[in-house]
Amino acid sequence: MSLEKAESKTVQEMTLQELASFCTRLGFFYPSGRIYGGLSGFYDYGPLGAELRREILNDWWWYFVERRDDIWGIHGSIITHPRTWVASGHVDSFIDFIVTCKKCGAEYRADHLLEDSGISVPELTLETLSKLIKDHGVRCPKCKGELGDPTPFNLMFTTYVGPKKTVASLAYLRPETAQLIFTNFRNIIMTMGVKLPFGIAQYGKAFRNEISPRGFLFRLREFEQMEIEYFVNPKKLDECPFYNEIKGMEINLLSAEMQEKRIKEGVWITIEDAVDKGLIGCKWHAYWIAESLRWLKNIGIDYKRLRVREHIKTELAHYAVQTFDVEFLFPQAGWKEIEGISNRSDYDLRKHQEYSGAEMHIYDDGEKVIPYVIEPSFGLERVILAVLFSSLNEIKGRRVLSLHPKIAPIKVGVFPLVSKPGFVEKAKEVYEMLKEEFKTIYEAKDSIGRRYARADERGVPICVTIDGQTLNDNTVTIRFRDTREQIRVPIEDLKEKIRAIFREWSTYGA
RNA sequence: GCGCCGGUAGUCUAGCCUGGUAGGAUGGCGGCCUCCCGAGCCGCUGAUCCCGGGUUCGAAUCCCGGCCGGCGCACCA
């Protein structure tokens, strides 16, 4: 049985601000500390948001860890050994020096300003930068005013380990989860008996003390990452056993070369073509791009609104050989990153080997190898934004959040058609039965239409209604959110029927 | 962080210019009604008018500072 596709039209799309209001009203997200005026860059998950978060994290973990035999998961600590970030380069590159124009107040990164004036910067220290600015008589590019002294500017959150706050006890909240994977690399090799190629995955909070958080959930100071570091022998970057599965997949690609030619729009191209034309450096990198896109699509993100954009040289991070951002087409803001997929080479493992003295190699074909790593790195909150924008529809004049059942915060609504004796008891019975297995809500107040409307807006995929006929023959109706169609099912078959519906959701239209 | 603009119940908003009892809609709770898609009626509830200070007999309204948000710049390793 298949139901017809939903009769949905393109909504006048919500702005990010309107989405923020919507999320607060329905209980997805609240600005953190709002009763005290709010804290910029922090949001709390409300009841629906907390469920949505769990479902997405669980599905990610299932997709990339549980069902695979080549990836193991870890859960690293948030407060991390400070040497980690010296080795990774974050202490250097996260601490910028800012200079302010004494005349017009404009601010610049000291090293950028010097380099733009053609002066090379040998080291990023206060003394050096200060001296270079004075010696070369560098002035404000805008108003030619005199510049003040450089001041340090750190994007990492710091704390102190132990009750005494000393320089020696200074520690950082991790600005990315990735480094915890690298610092645990030896542990996993030793305990899990892994062989190349293999991956280590982790999700968890990361913290960045951003200068100006903005755009609702888009740039947060506390956010959640879902990351995989997939280790490959650098000589075998094209030996990907899964390549045939994904090579025919079409992606919307905007290469660095295209961007240098001022081309703004990506082209639809198969993975195989992209690899053959040298646009994607190696097959393993191509595989992880494809696999990431497949997951994003599976959780309900509109594939037409996803594109893969290569980083151009100037935006490439210090560790990266090649990086692609998976971008989502947001209303107003346009294409914005929701995931980065980077070839980080052996940079991180080598650095940690150098700074810690620990050996970071693994044997492959009897040879000592420091593997290369391909890193798919998702920002959970950004993925959620893309999911929400992909799911918000206007169907028959009403706002409907067409979330895929596997991530919907509430799976089933159970309603007595009218709130009368007989109906109510029967509905509660059905509710008690279903909530054993599905996140279910029961509502009896207001008209049935109003309850359906409320459920639609909250993304509840199906509603079970107890009507007059139920009392005679013990059947109920299942009403589908996106089509409003109803089918009648005996209560004894209800659980199995709902399982089947969720399993084959695409057949039922969404 | 700089510049410009803004902030009134959970949400949307009137009032601000021209100082004088904070009003509506929607939501939430309770009830009546109701056999399938935000129907109607009744009652209740809900606002530190962002916070602090100043001017004034009197401030949501005018002034100053802060917080929060939007846009632009910068930043986004």
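Order of the sequence lines sets the chain letters (A, B, ...), proteins ahead of strands, with each chain counted from 1.
Taking atom C1' in both B/C68 and B/U48, the straight-line distance is 15 Å, to the nearest Å. One P atom belongs to B/U61, the other to B/G69, and the distance between them is 22 Å to the nearest Å. Going from the P atom of B/A74 to that of B/C51 covers 35 Å, rounded to whole Å. A distance of about 12 Å separates the C1' atoms of B/U56 and B/G20, rounded to the whole Å. Straight-line distance between the P atoms of B/U45 and B/A60: roughly 23 Å, to the nearest whole Å. B/C71 sits 23 Å from B/G65 when the C1' atoms are compared, rounded to a whole Å. With C1' as the reference atom, B/A47 and B/U13 are 13 Å apart, rounded to whole Å. A distance of about 40 Å separates the P atoms of B/C17 and B/A39, rounded to the whole Å.
The CZ atom of A/Phe29 sits 17 Å away from the C1' atom of B/G10 (whole-angstrom rounding). Note: CZ (A/Phe28) to C1' (B/G10) measures 15 Å, nearest angstrom. Spacing between atom CD of A/Gln17 and atom P of B/G6 amounts to 14 Å, rounded to whole angstrom units. As rounded to whole Å, 12 Å separates atom C1' of B/G1 from atom CG of A/Leu155. In this structure, A/Ile441 places its CD1 atom 12 Å from P of B/G28, rounding to the nearest Å. We find that NZ of A/Lys396 is positioned 16 Å from P of B/C36, with the value rounded to whole Å. Between the CG atom of A/Leu220 and the C1' atom of B/G69 there is a distance of 14 Å, rounded to whole Å. As a whole-Å value, the separation of A/His311 NE2 from B/C76 C1' is 10 Å.
The one candidate from A/Phe218, A/Phe29, A/Phe216, A/Phe223 that meets the ring-ring contact (aromatic ring centres under 6.0 Å, His included) condition with A/Tyr43 is A/Phe216. The salt bridge (charged side-chain N to carboxylate O under 4.0 Å, His left out) test with A/Asp456 is passed by exactly one of A/Lys396, A/Arg451, A/Arg479, A/Arg399: A/Arg479. Results of the side chain to side chain contact (heavy atoms under 4.5 Å, CB included) test with A/Phe415 over A/Tyr442, A/Tyr452, A/Tyr431 single out A/Tyr452 as the only residue that passes.
Counting atom types as modelled, A/Arg34 pairs no side-chain N or O with a base atom of B/C68 as donor and acceptor under 3.5 Å. With hydrogens and angles ignored, a donor-acceptor pair under 3.5 angstrom links the side chain of A/Arg219 to the base of B/C75. Evaluation of atom-type donor-acceptor distances gives a pair under 3.5 Å for the side chain of A/Gln486 against the base of B/C36. If you check distances only, the side chain of A/Ser212 does reach the base of B/G1 with a donor-acceptor pair under 3.5 Å. No N or O donor and acceptor, one from the side chain of A/Asp467 and one from the base of B/C35, sit under 3.5 Å apart. A/Arg479 contributes a side-chain N or O that forms a donor-acceptor pair with the base of B/C37 under 3.5 Å. Judged by distance alone, with hydrogens and angles left aside, A/Tyr36 brings no side-chain donor or acceptor close enough to the base of B/C67 to form a pair under 3.5 Å.
Judged by Watson-Crick or G-U wobble contacts below 3.5 Å, the nucleotide B/U56 has no partner. Taking a pair to require two hydrogen-bonding distances under 3.5 Å in either a Watson-Crick or a G-U wobble arrangement, B/C35 remains unpaired. The nucleotide B/G46 finds no pairing partner, because no Watson-Crick or G-U wobble arrangement with both distances shorter than 3.5 Å includes it. Using N1 to N3 plus N6-O4 or O6-N4 for Watson-Crick, or N1-O2 and O6-N3 for G-U wobble, each under 3.5 Å, B/A9 pairs with nothing. Across all strands shown, the partner of B/G3 is B/C71, judged by Watson-Crick or G-U wobble contacts whose two distances both fall under 3.5 Å. When Watson-Crick and G-U wobble pairs are counted only if both distances are under 3.5 Å, B/C17 pairs with no nucleotide at all.
Minimum atom distance to the side chain of A/Arg25 is reached by B/G10, of the listed B/G10, B/C29, B/C36. For A/Glu210, the listed nucleotide lying nearest its side chain is B/C76; candidates were B/C76, B/G69, B/A39. Of all nucleotides listed (B/A74, B/G69, B/U11), B/U11 comes nearest to the side chain of A/Thr24. Among the nucleotides B/A39, B/C37, B/C75, the one closest to the side chain of A/Ile211 is B/C75.
When the side-chain nitrogen and oxygen atoms of A/Arg481 are compared with OP1 and OP2 of B/C37, none of them lie within a distance under 4.0 Å. OP1 or OP2 of B/C36 has not a single side-chain nitrogen or oxygen of A/Ser447 nearer than 4.0 Å. Contact annotation: A/Arg450 reaches the phosphate of B/A39 (side-chain N/O to OP1 or OP2, under 4.0 Å). Contact annotation: A/Lys420 side-chain N/O to B/C35 OP1/OP2 distance is under 4.0 Å.
The closest side-chain heavy-atom distance from A/Lys497 to A/Ile478 is below 4.5 Å. No side-chain heavy atom of A/Pro47 sits under 4.5 Å from any side-chain heavy atom of A/Phe28. Considering only heavy atoms from C-beta on, A/Phe207 stays 4.5 Å or farther from A/Tyr172 through its side chain.
Side-chain contact check for A/His311 and A/Gln322: no donor-acceptor pair (N or O, by modelled atom type) lies under 3.5 Å.
Remark: side-chain polar atoms of A/Asp467 are paired, donor with acceptor, to backbone N or O of A/Gln469 under 3.5 angstrom. Remark: side-chain polar atoms of A/Glu432 are not paired, donor with acceptor, to backbone N or O of A/Glu429 under 3.5 angstrom.
Here A/Phe423 lies in heavy-atom contact (under 4.0 Å) with a base. Using a 4.0 Å heavy-atom criterion, one finds that A/Ile35 contacts the bases of the nucleic acid, with or without backbone contacts as well. A/Phe218 comes within 4.0 angstrom of nothing in the nucleic acid, heavy atoms only. At the heavy-atom level, A/Gly215 lies under 4.0 Å from the strands shown only through sugar-phosphate atoms. Among the atoms of the strands shown, base atoms are found under 4.0 Å from some heavy atom of A/Arg214. Using a 4.0 Å heavy-atom distance criterion, A/Ser21 is classed as a sugar-phosphate-only contact. Within 4.0 Å of A/Glu176, counting heavy atoms only, lies at least one base atom of the nucleic acid. Contacts of A/Gly468 with the nucleic acid, taken as non-hydrogen atoms under 4.0 Å apart, include base atoms. Within the nucleic acid shown, A/Glu457 comes within 4.0 Å of at least one base atom, counting heavy atoms only.
Taking the nucleotide of RNA chain B with the nearest heavy atom to each of A/Leu417 and A/Arg221, the more 5' of the two is matched to A/Leu417. Nucleotides of RNA chain B nearest to A/Lys445 and A/Phe42 differ in position, and the one nearer the 5' end is that of A/Lys445.
Electrostatic pairing of A/Arg450 and A/Glu443 does not count as a salt bridge here, judged by no charged N lying under 4.0 Å from a carboxylate O.
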